[in-house]
2 protein chains.
Amino acid sequence: MKNMTQEPRNILSQHKVSITNPRIIVLDTLLDFGNPITVEELQSKLKGKVAKSTLYRVLNDLKKINILNEFTSPDNAVVVELILEEDSHHHHLFCSDCGEVIDVELSDEFEMMLVKEMEKVQKELHFEIKDHRVEMFGLCTDECSNCE
Amino acid sequence: MKNMTQEPRNILSQHKVSITNPRIIVLDTLLDFGNPITVEELQSKLKGKVAKSTLYRVLNDLKKINILNEFTSPDNAVVVELILEEDSHHHHLFCSDCGEVIDVELSDEFEMMLVKEMEKVQKELHFEIKDHRVEMFGLCTDECSNCE
DNA sequence: ACAATAAATGAGAATAAGTCTCATTTATTT
DNA sequence: AAATAAATGAGACTTATTCTCATTTATTGT
């Protein structure tokens with residue numbers, strides 16, 4: 001059963017942006033897919049439903065209200081992921097073969113150590129670090145149906 | 001004084017690829033700049049010296065022989081960096097203001113812990129992890145002449 | 001050192017991702 | 001329900017990257 005906060009209309013109204021059909025459709029598609037998705041794949045899922053220009057505008061809108069995370073895969077494809085309230089801090093694992101992107105949660109112990117490392121870097125380089133990302137690359141071996 | 005291994009001609013012959021002018025010029029420029037650089041900036045440095053199409057081909061050649069690392073900045077600009085033998089494993093720090101990319105070395109202690117985390121992930125997700133990357137984002141405060 | 005062969009280059013055409021424009025439609029506010 | 005403001009669709013436009021092909025440059029065998 002879907003959480004209330006996962007309803008597109010609720011998400012939009014919670015963030016005080018107007019509720020429109022394209023926004024609802026894009027959110028629905030992202031929620032439904034459930035994983036990070038390339039813009040390309042998202043576009044093909046929305047073909048005939050939402051105009052290309054509108055898709056890009058909606059993605060920008062979602063970024064502005066901080067519910068969309070954008071990054072690039074190792075082959076420079078832009079990947080997009082909803083930031084849901086129930087999600088915890090996580091990182092990404094990329095399959096070099098099928099291109100799948102998987103969420104990975106690392107231990108609190110590790111995250112604490114990373115924070116300490118960043119504090120060191122901040123002091124040494126006079127840099128104010130706001131965010132970080134850990135990316136892992138490899139091959140999803142047996143499990144994956146897309147890989148050969 | 002430049003290390004022998006840093007001479008473009010040596011780098012190319014060590015990797016058994018033919019020694020051509022554009023390759024030498026691109027390597028020279030990258031060595032000279034010394035830091036990760038956006039393809040855009042590299043292109044402007046090479047204007048009039050190396051054709052655009054050749055630049056992209058050379059970058060691909062360098063990637064093929066594994067001496068060029070490619071990644072994207074937070075604003076999706078493609079960044080390129082030579083992998084030199086004398087360089088140790090490192091990560092990147094991005095300034096959201098001026099766009100500068102800085103190499104950062106994290107402690108061995110941290111790297112060891114990250115390896116352990118990845119081993120856990122490998123087992124849990126039946127994924128063969130080949131590589132990883134830690135990216136940090138923020139603002140290079142006082143030091144930077146490009147910022148504001 | 002020199003042909004012969006293979007590989008790389010330059011210039012610009014082609015492609016594709018993302019942005020922009022503007023007339024029309026849809027939300028929101030009163 | 002009308003007035004106002006915001007969002008959309010369609011396609012033109014821009015820009016990064018790839019491709020094509022005739023020419024140039026490197027490499028190899030003698």
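Just so it is clear: chains get the letters A, B, ... in the order the sequence lines come, proteins before strands, and each one is counted from 1.
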Name the residue closer to the 5' end of DNA chain C, choosing between B:K52 and B:P22 according to the nucleotide with the nearest heavy atom. B:P22
Give the rounded distance in Å between these two atoms: OH of B:Y56 and P of C:dA16. 16 Å
So if I take every side-chain heavy atom of A:N21 and compare against C:dA27, D:dT17, D:dT8, which nucleotide ends up nearest? C:dA27
Measure CD1/B:I25 against P/D:dA26 and give the value in whole Å, please. 11 Å
Choose from D:dG9, C:dG10, D:dA26 the nucleotide whose nearest atom is closest to any side-chain atom of B:V50. C:dG10
Value in whole Å for how far the C1' atom of C:dG18 lies from CG of A:L42: 14 Å
Does B:T20 have a side-chain nitrogen or oxygen under 4.0 Å from the phosphate oxygens OP1 or OP2 of C:dT9? yes
Interatomic distance, B:D61 CG vs D:dT18 C1' [rounded to whole Å]: 14 Å
Can you tell me the distance, in whole Å, between the CG atom of B:L46 and the C1' atom of C:dG10? 14 Å
Rounding to an integer number of Å, can you tell me how far B:I19 CD1 sits from C:dA7 C1'? 14 Å
Given that B:V78 and A:S18 both sit by DNA chain D, which one's nearest nucleotide is further toward the 5' end? A:S18
So which nucleotide from D:dA6, C:dA17, D:dA26 ends up closest to the side chain of A:E40? C:dA17
OP1 or OP2 of D:dG9 under 4.0 Å from side-chain N/O of A:T54: yes
Are B:K120 and B:E117 close enough for a salt bridge, meaning some N to O gap below 4.0 Å? yes
Out of D:dG9, C:dT9, C:dA17, whichever nucleotide has its closest atom nearest the side chain of B:R23: C:dT9
Looking just at side-chain N and O atoms, do B:E70 and A:N76 make a donor-acceptor pair shorter than 3.5 Å? yes
Can B:F71 and B:H92 be said to form a ring-ring contact (aromatic ring centres under 6.0 Å, His included), step by step? CA-CA 10 Å; B:F71 49 93; B:H92 296 110; 4.2 Å; yes
Does the D:dA10 base have a donor-acceptor partner in the side chain of A:S53 within less than 3.5 Å? yes
What integer distance in Å separates B:K47:NZ from C:dG10:C1'? 16 Å
Look at the side chain of B:S96 and the backbone N and O of B:G138, then say whether any donor-acceptor pair between them is shorter than 3.5 Å. yes
Near A:E40 CD, under 6.0 Å, is it more than 12 heavy atoms from other residues, nucleotides or ligands? no
Round to a whole Å and report the spacing from CZ of A:R57 to P of C:dC20. 10 Å
